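Both backbone and side-chain heavy atoms feed into the values below; hydrogens, waters and symmetry mates do not. Only a predicted model underlies this, so the values are computations on that prediction, with no experimental measurement involved.
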Amino acid sequence: MKPNSLRFGFAGLDQPDALRRHRAIAAEAWHIELTTPRTIMESYRVLRVGAAEIGRHRDGLFVLDRIPVLMNQAGLFDRSRPPAPDDYVTTSQIKDFDARLDSTPGFLWMVTDGNDRSTQVNAGRAYARVQLTATAVGIALQPLQQALQEYPEQAKPHAEVRSLLDASQSNLTVQMWARAGFAPPVGPAPRRGVDAQLVQA
């Protein structure tokens with residue numbers, strides 16, 4: 001395999017059947033992640049709610065939406081245990097993401113033959129170039145990693161997305177699956193400086 005060899009695909013509004021399948025798989029996989037206790041807790045451990053937490057940690061996932069921030073300030077957003085599937089914090093996220101998926105006009109993906117470290121790095125570099133090019137022309141991309149994960153509860157959407165992307169063979173790896181469309185501009189994500197990444201020998 002050549003170092004930068006990968007297969008790139010895209011489905012848009014001219015492929016309504018494929019678009020429906022992409023949306024349905026993404027919605028199911030997101031629902032599974034949010035309602036599986038151990039997987040939602042992985043996110044909660046790095047979730048920063050409100051400006052103060054974001055400023056203190058400058059990493060992980062962050063939330064600035066008014067209702068979650070108010071709930072957190074009032075002690076009603078307990079991140080020490082997973083929420084129930086019918087809790088507002090779960091149902092509101094599912095409803096919000098379903099609405100976003102329903103309006104998504106396109107999906108793109110990258111598949112490689114093999115999954116060694118060089119292949120992974122080259123796929124990441126290729127996606128970074130796609131992301132930068134998309135941003136330059138006003139297209140927003142959002143990676144969808146839920147269905148690409150390999151844990152038992154996710155087995156059905158995992159198999160479905162591999163089949164949809166013609167990547168069912170064991171030697172093939174879906175390195176990236178993302179939705180593409182148009183969205184309001186966002187500022188840079190909070191990040192720690194270089195010094196915070198250095199380890200003293």
Side-chain angles (χ1 to χ4, degrees), residues 1-15 18-19 21-23 25-27 29-30 33 39 42-43 45-48 54-55 57-64 93 96-97 100-101 103-151 154 157-158 160-199:
M1 177 179 175
K2 296 179 180 179
N4 291 305
S5 176
L6 59 81
R7 173 162 52 85
F8 176 88
F10 179 82
L13 294 172
D14 60 335
Q15 299 170 271
L19 203 55
R21 291 185 65 194
H22 280 276
R23 290 169 174 169
I25 294 170
W30 177 244
E33 179 167 296
T39 58
E42 287 180 5
S43 296
R45 291 187 188 99
V46 294
L47 180 63
R48 318 306 180 196
I54 294 170
H57 296 282
R58 304 191 68 76
D59 63 7
L61 308 171
F62 66 89
V63 174
L64 283 171
Q93 288 187 79
D96 178 67
F97 194 63
R100 292 171 189 255
L101 285 172
S103 65
T104 297
F107 291 81
L108 62 86
W109 59 91
M110 294 179 173
V111 176
T112 60
D113 183 357
N115 194 34
D116 57 72
R117 181 57 70 189
S118 293
T119 299
Q120 293 170 354
V121 170
N122 284 328
R125 294 171 67 188
Y127 179 74
R129 291 193 292 272
V130 170
Q131 174 78 69
L132 289 169
T133 302
T135 301
V137 296
I139 297 173
L141 301 180
Q142 181 184 24
L144 300 170
Q145 49 77 26
Q146 291 82 15
L148 304 187
Q149 296 188 49
E150 300 176 343
Y151 56 91
Q154 204 67 263
H158 182 78
E160 288 177 343
V161 76
R162 287 176 62 87
S163 176
L164 179 61
L165 306 183
D166 193 23
S168 294
Q169 301 95 315
S170 60
N171 59 300
L172 299 178
T173 299
V174 182
Q175 299 288 355
M176 180 57 70
W177 181 40
R179 66 190 195 102
F182 302 94
V186 296
R191 289 292 179 260
R192 291 173 288 176
V194 174
D195 290 345
Q197 316 304 323
L198 301 177
V199 176

Apply the side chain to side chain contact (heavy atoms under 4.5 Å, CB included) test between Gln175 and each candidate in Val111, Leu148, Leu6, Asn115; give the one that qualifies.
Asn115
Smallest heavy-atom separation, Pro157 atom then Ile25 atom, equals O-CG2, 3.8 Å
Could you walk me through whether Trp109 and Val161 pass the side-chain contact (heavy atoms from CB on, under 4.5 Å) check?
CA-CA 10 Å; Trp109 59 91; Val161 76; over 6 Å; no
Check the orientation of His22 and Phe107. Use parallel for under 30°, tilted for 30 to 60°, and perpendicular for over 60°.
parallel
Those residues at least two apart in sequence (or on a different chain) that pass side chain to side chain donor-acceptor pair (under 3.5 Å) with Arg162 are none
Write down the atom of Met110, the atom of Ala123, and the distance for their closest heavy-atom approach.
SD-O, 4.0 Å
What heavy-atom pair brings Pro190 and Ile54 nearest, and what distance separates the two atoms?
CG-CG2, 3.4 Å
Gly12 and Leu19 have their tightest heavy-atom pair at O-CD2, 4.0 Å
Within the side chain of Arg23, is there an N or O that forms a donor-acceptor pair under 3.5 Å with the backbone of Thr104?
yes
Does a side-chain heavy-atom distance below 4.5 Å link Thr39 with Gln154?
no
Which pair of heavy atoms, one from Ser168 and one from Ser163, lies closest together, and at what distance?
OG-CA, 3.3 Å
Would you say the side chain of Ile139 lies within less than 4.5 Å of the side chain of Phe182, judging by non-hydrogen atoms?
yes
Taking the side chain as C-beta and beyond, is there a heavy-atom pair between Phe8 and Met176 under 4.5 Å?
no
Answer whether the closest heavy-atom distance between the side chains of Glu160 and Arg21 falls below 4.5 Å.
no
One should read off an interatomic distance between Gln131 CD and Thr133 OG1, to the nearest 0.5 angstrom, of 9.5 Å
Could you check whether Thr119 and Asn122, counting side-chain N and O atoms only, form a donor-acceptor pair closer than 3.5 Å?
no
For Arg192, which residues count as a side chain to side chain contact (heavy atoms under 4.5 Å, CB included) partner, sequence neighbours excluded?
Arg58, Asp59, Ala196, Gln197
On a heavy-atom basis, which atom in Ala18 and which in Ala11 lie closest, and how many Å separate them?
CB-CB, 4.3 Å
Please examine the side chains of Trp30 and Leu101, heavy atoms only from C-beta on, and report whether any two atoms are closer than 4.5 Å.
no
Report, as yes or no, whether the 6.0 Å neighbourhood of atom CZ on Arg7 holds more than 12 heavy atoms from other residues, nucleotides or ligands.
yes
Supply the atom-to-atom distance Leu172 CG to Leu165 CG, rounded to the nearest 0.5 angstrom.
10.5 Å
